[in-house]
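Labels below follow one simple rule: chain letters A, B, ... track the order of the sequence lines, proteins then strands, and each chain is numbered from 1. Not measured: the values here are computed from a predicted model.
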Protein chains: 4
Amino acid sequence: MLLKDLSPSALRVCEAAVGHFAEYGYDASSLNEIAQLAGMRKASLYAHFASKDALFVEVYQRALAQETAFVEQGFAEESGNGLAPGHWLALHLAERYSASAELRFVLRTAFLPPAEIKPIVTSGFEKYLDGVREGFCQALQLRHSWADEQLAVYADAYLGIIDSLHVELMYATPAAYARRATALLKLLDDSLSLQR
Amino acid sequence: MLLKDLSPSALRVCEAAVGHFAEYGYDASSLNEIAQLAGMRKASLYAHFASKDALFVEVYQRALAQETAFVEQGFAEESGNGLAPGHWLALHLAERYSASAELRFVLRTAFLPPAEIKPIVTSGFEKYLDGVREGFCQALQLRHSWADEQLAVYADAYLGIIDSLHVELMYATPAAYARRATALLKLLDDSLSLQR
Amino acid sequence: MLLKDLSPSALRVCEAAVGHFAEYGYDASSLNEIAQLAGMRKASLYAHFASKDALFVEVYQRALAQETAFVEQGFAEESGNGLAPGHWLALHLAERYSASAELRFVLRTAFLPPAEIKPIVTSGFEKYLDGVREGFCQALQLRHSWADEQLAVYADAYLGIIDSLHVELMYATPAAYARRATALLKLLDDSLSLQR
Amino acid sequence: MLLKDLSPSALRVCEAAVGHFAEYGYDASSLNEIAQLAGMRKASLYAHFASKDALFVEVYQRALAQETAFVEQGFAEESGNGLAPGHWLALHLAERYSASAELRFVLRTAFLPPAEIKPIVTSGFEKYLDGVREGFCQALQLRHSWADEQLAVYADAYLGIIDSLHVELMYATPAAYARRATALLKLLDDSLSLQR
DNA sequence: TATGAATGAGTTTTCATTCAT
DNA sequence: TATGAATGAAAACTCATTCAT
């Protein structure tokens with residue numbers, strides 16, 4: 001999953017595009033506006049990207065790489081601070097969402113991918129979620145050892161929680177997000193506490 | 001929230017539109033195609049609906065009403081069958097999703113509402129979720145009585161679970177859906193079991 | 001130039017149409033809006049008029065008849081009051097213009113007739129102007145007798161003055177109208193005074 | 001009132017548009033036909049003008065500038081040839097009208113401006129008329145000196161005459177135009193002759 | 001006489017894309 | 001690498017008109 005080397009201009013286009021796609025989605029985004037934001041004319045985009053699709057995919061892959069790194073670093077921090085498994089990410093997602101156009105873009109795209117490139121989007125997002133699952137499983141195993149089966153169940157549950165929070169980010173207030181995060185983490189911790 | 005009386009032709013348009021909107025979303029849906037599906041020409045749509053927006057809103061409200069009724073009936077059935085609180089809906093959502101264009105449309109719309117009518121969409125979907133919350137709380141209270149605060153936490157968690165399943169419906173396989181449903185319901189039941 | 005007998009409904013349509021045509025012109029007027037104003041649906045118009053053109057022509061002819069009558073009565077009043085020839089009309093045109101949608105409609109239509117019916121419009125308006133000319137010539141001849149040639153020159157001038165005032169009505173303020181009327185009538189009176 | 005620099009293609013569009021607008025007016029002109037006349041497709045117009053309104057305004061301003069220049073040059077010529085004040089313009093307007101689509105367009109537009117841009121049209125035409133007034137006043141003052149008040153009255157009258165001739169251009173024959181011009185100029189000269 | 005439904009032709013406008021420069 | 005110009009296709013929407021009821 002290596003990213004292409006892009007020229008400085010192409011990078012500016014990506015930066016402009018990620019915010020635009022995040023806000024309006026694929027269909028309602030116009031190359032014209034993206035080009036303006038990047039300080040060039042529409043036609044010039046084609047010097048950098050073969051098509052709207054190609055630009056979208058490139059932006060998507062860069063955003064995925066970035067958010068995957070964010071998740072990894074989050075789990076590292078969590079284990080350093082002795083937080084309960086999966087808590088760090090759940091508690092920092094809201095902040096990340098408002099700070100990162102990339103995350104907003106990834107979520108919007110993953111949930112409702114443009115028909116033209118649905119397979120690419122879906123498989124990419126699955127890799128992102130695999131990263132989350134991986135981080136969570138490692139955190140769980142730091143505590144004690146689990147049967148594969150049990151581990152899988154908790155991993156499924158945790159991914160479900162994260163997706164639930166993703167949704168809350170997209171259509172609710174910060175307060176509602178906090179309530180949901182608290183409630184779902186409580187379920188998780190309660191259930192884990194029964195496994196002793 | 002009474003629905004308008006629509007003429008037979010207008011109803012045919014709604015039926016055609018709900019599937020189209022569910023599959024392609026607002027932006028990528030064309031009135032031309034919807035009209036064809038409804039067996040008329042584009043211009044004829046305007047005898048029934050003032051604009052694309054107006055059609056979309058009408059369809060959305062009808063879909064919401066229908067899915068709200070489905071949820072209500074689900075909770076009624078659950079209590080009749082002695083199922084654990086909230087299980088019926090979680091276990092039937094996938095089937096419903098594949099059977100009901102209305103549900104697919106509602107979820108797609110709620111998660112990524114078209115900018116033009118975001119407020120209408122959001123407030124409508126909140127009412128739908130309130131119905132879910134209401135059903136779940138009543139189911140919980142059939143078992144034993146709860147402090148308001150505890151009840152609210154479990155309601156938040158349950159809505160989170162439902163949203164999580166919504167997401168899984170949109171981008172995953174039936175098998176993955178089942179795994180997630182099992183895992184999250186286990187968390188819920190485990191946590192509730194600690195409240196004795 | 002007899003007018004048709006119209007049913008009460010058809011008359012209501014004419015009344016609605018004259019204001020609409022006067023304000024928006026032929027092209028920018030929509031039968032839909034005219035029908036609404038007349039308290040019926042668009043399709044019902046066709047029970048009364050064969051087409052948009054036919055409605056327009058009917059309205060035009062009624063308006064012309066009405067304004068022709070107004071001019072006649074004006075010249076009658078003028079001679080009764082001993083006013084200088086042509087003064088009454090020049091001085092009452094502004095008031096009439098603001099009170100009569102028919103006059104506004106006639107002027108708008110005469111100056112820029114819709115291509116489809118230009119000949120009808122033009123010949124109709126010429127008859128209206130002939131009425132003005134006739135009234136003015138008679139008023140002149142009440143004073144003393146004129147050579148045909150002289151009479152024709154003054155009649156041409158007077159019609160020119162009236163058209164000039166028509167224009168001022170369409171695009172200027174009442175104050176500007178008054179200044180122009182005063183100035184042109186002064187020219188007329190000065191010139192007539194030289195004929196003794 | 002500087003005019004934009006337009007590309008050759010944009011100029012071709014303007015040239016095509018002025019004739020079309022002059023003949024059919026704003027509402028009945030279609031961008032499709034204008035584009036054909038300019039040798040391009042409809043969509044290409046938008047590379048040069050942001051909208052139908054913008055094109056119309058641009059064309060209008062160019063036409064106004066051109067006709068203002070024509071009037072100025074006319075008054076210059078008049079004073080060179082020793083013609084009576086205001087005669088040159090009155091006598092050349094008909095010829096100009098048939099030769100200049102710009103003049104036809106300006107008059108049509110000024111008399112019945114499209115609702116969307118009425119203020120722009122009106123204020124522009126007033127400047128044009130100010131030019132006429134200015135030229136006439138200077139011509140008057142070459143003969144002898146006038147009280148401000150008298151000057152204003154004759155200026156009002158002269159503008160009235162010009163508007164009257166404008167109207168005659170739009171709906172009458174060349175012969176009728178000549179009769180009217182003769183008659184009105186006679187009034188003007190008679191009245192001026194009384195001021196010695 | 002009135003109307004709901006339908007429609008063909010037309011409108012302005014947007015868009016992704018191409019190409020010569 | 002950048003862009004001005006051009007374009008085919010499609011969008012939403014409007015309109016005068018027809019017709020069965």
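For the residue pair Val121(C) and Thr109(C), the shortest heavy atom distance occurs at CG1-O, 3.5 Å.
Shown for residues 7-15 of chain B: residues whose heavy atoms fall under 4.0 angstrom of DNA chain E, namely Ser7(B), Ser9(B). Listed in residue order, the members of residues 16-25 of chain B having a heavy atom less than 4.0 Å from DNA chain E come to none. Within residues 29-57 of chain A, the residues having any heavy atom closer than 4.0 Å to DNA chain E are, in order of number, Ser29(A), Ser30(A), Leu31(A), Lys42(A), Ala43(A), Tyr46(A), Ser51(A), Lys52(A).
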Could you pull out every donor-acceptor pair under 3.5 Å between side chains of residues 35-46 of chain B and any protein atom, sequence neighbours left out?
residue: Gln36(B); atom: NE2; partner: Asn32(B); partner atom: OD1; Å: 3.4
residue: Ser44(B); atom: OG; partner: Arg41(B); partner atom: O; Å: 3.3

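Not counting sequence neighbours, the partners of Gln66(B) by the side-chain hydrogen bond (donor to acceptor under 3.5 Å, both in side chains) test are Glu102(B). Partners of Arg108(D) under the side-chain hydrogen bond (donor to acceptor under 3.5 Å, both in side chains) rule, at least two apart in sequence or in another chain, do not exist in this structure. The side-chain contact (heavy atoms from CB on, under 4.5 Å) search around Ala54(D) returns Ala50(D), Ser51(D), not counting sequence neighbours. For Arg62(A), the side-chain hydrogen bond (donor to acceptor under 3.5 Å, both in side chains) partners two or more places apart in sequence, or in a different chain, are Glu58(A). Applying the ring-ring contact (aromatic ring centres under 6.0 Å, His included) test to Tyr97(B) and every residue at least two apart in sequence or in another chain returns nothing. Residues that satisfy the side-chain hydrogen bond (donor to acceptor under 3.5 Å, both in side chains) test with Tyr24(D), not counting sequence neighbours, are absent from this structure.
In secondary-structure terms, DNA chain E builds stems of at least 3 consecutive Watson-Crick or G-U pairs, each pair having both distances under 3.5 Å, at E:2-21 with F:2-21.
Sequence neighbours left out, the pairs with a member in residues 7-23 of chain D that pass side chain to side chain donor-acceptor pair (under 3.5 Å) are His20(D)-Ser29(D), His20(D)-Glu33(D).
Taking the ring centroids of Tyr60(D) and Tyr26(D), they lie at or beyond the 6.0 Å cut-off.
A distance of 8.0 Å separates CG of Leu64(A) from CZ of Phe125(A), quoted to the nearest 0.5 Å.
Inter-residue side-chain proximity for Cys14(D) and Phe49(D) is flagged as met; some heavy-atom pair is nearer than 4.5 Å.
When rounded to the nearest whole Å, the span between CG of Asp5(D) and P of dG4(F) equals 14 Å. For the pair Asp27(D) CG and dA16(F) P, the computed distance is 12 Å after rounding to whole Å.
Classified by interplanar angle (parallel below 30°, tilted 30° to 60°, perpendicular above 60°), the ring pair Phe111(D)/Phe111(C) is tilted.
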